[in-house]
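As structure tokens, the structure follows; a few thoughts come after it.
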Amino acid sequence: MDNVFTAANLATRLRLLRMALVLFGLIFLVGLYPLMTSWWPAGWRWSPNQTEYEQMIAGVYATLGVFLIFASRNPLEHRSLIWFTVWSSLVHAGIMAMHAIKMPAEHGHLLGDIPALLLVAAVLATLMPRGMPAETSDRTSTRQ
């Protein structure tokens with residue numbers, strides 16, 4: 001079913017994908033650090049907290065956020081970045097889930113950053129068109 005794209009279906013999907021890329025990009029860019037440090041530390045900050053780690057992870061995600069926003073202009077040209085975001089979010093969530101389950105003091109992550117990463121992966125993977133020949137996606141993206 002995913003291999004069958006009508007022009008309207010693809011246009012709608014790409015519009016939603018663009019919106020998701022901008023939303024997640026902005027959250028990564030400006031929302032992650034406040035979540036870790038102020039808004040909900042129990043769901044986003046690991047104990048004992050390390051300011052250096054928090055700054056590094058916020059910097060990496062802020063950089064990814066900028067590139068997701070850039071990718072929103074033409075998602076089909078940035079497939080590898082979008083799929084990197086999907087798969088790295090799944091891996092990151094999986095590793096954190098294993099640690100959070102083992103460490104009772106970190107159970108808050110099971111309701112915070114872990115489901116957030118799974119949501120990012122699920123939304124982007126669902127909206128990202130698959131099975132399109134490269135030349136079809138190139139023609140479609142230039143018309144948008």
Between H109 and the options I101, L117, I114, the side chain to side chain contact (heavy atoms under 4.5 Å, CB included) test singles out I114
Shared hydrophobic cluster, V60 / L32 (ILVMFWY, side-chain heavy atoms < 4.5 Å): no
- Are L110 and V91 connected, step by step, through hydrophobic side chains (Ile, Leu, Val, Met, Phe, Trp, Tyr) whose heavy atoms are closer than 4.5 Å? no
When rounded to the nearest 0.5 Å, the distance separating CG of N49 from OG1 of T37 is 10.0 Å
Taken to the nearest 0.5 Å, the spacing of D113 CG from E106 CD works out to 9.5 Å
Quiz item: Is any side-chain heavy atom of M96 less than 4.5 Å from a side-chain heavy atom of H92?
Solution: yes
ILVMFWY cluster, I95 and L111 together (side-chain gap under 4.5 Å): no
Output for pair (F84 CZ, L64 CG), nearest 0.5 Å, gives 6.5 Å
Nearest heavy-atom contact between P129 and L14 is CG-CD2, 4.1 Å
Any side-chain heavy-atom pair from S89 and L118 closer than 4.5 angstrom?
no
| request: Check the pair L76, N74 against side-chain contact (heavy atoms from CB on, under 4.5 Å), reporting the backbone distance first and the verdict last. | output: CA-CA 6 Å; L76 296 177; N74 192 340; 4.0 Å; yes
Distance col, row L21:CG vs T85:OG1, nearest 0.5 angstrom, shows 8.0 Å
(request) Flag the pair R79 / M128 as yes when at least one side-chain heavy-atom distance between them is below 4.5 Å, and no otherwise. (result) yes
task: Kindly indicate whether the side chain of H99, heavy atoms from C-beta on, has any atom under 4.5 Å from the side chain of W46.
output: yes
Exactly one candidate in T63, L68, I69 meets side chain to side chain contact (heavy atoms under 4.5 Å, CB included) with F28; the answer is L68
**Q.** Pairwise side-chain contact, H78 with F67, heavy-atom cut-off 4.5 Å (strictly under)
**A.** no
Looking at W83, I'd like to know if its CH2 atom is crowded, meaning that more than 12 non-hydrogen atoms belonging to other residues, nucleotides or ligands lie closer than 6.0 Å.
yes
Connected via hydrophobic side-chain network under 4.5 Å: V30 and M56 | no
Find out whether S72 and L17 are in side-chain contact, i.e. whether some heavy atom of one side chain is under 4.5 Å from a heavy atom of the other. no
Between M36 and A58 the two heavy atoms that sit nearest each other are CE-CB, 4.1 Å
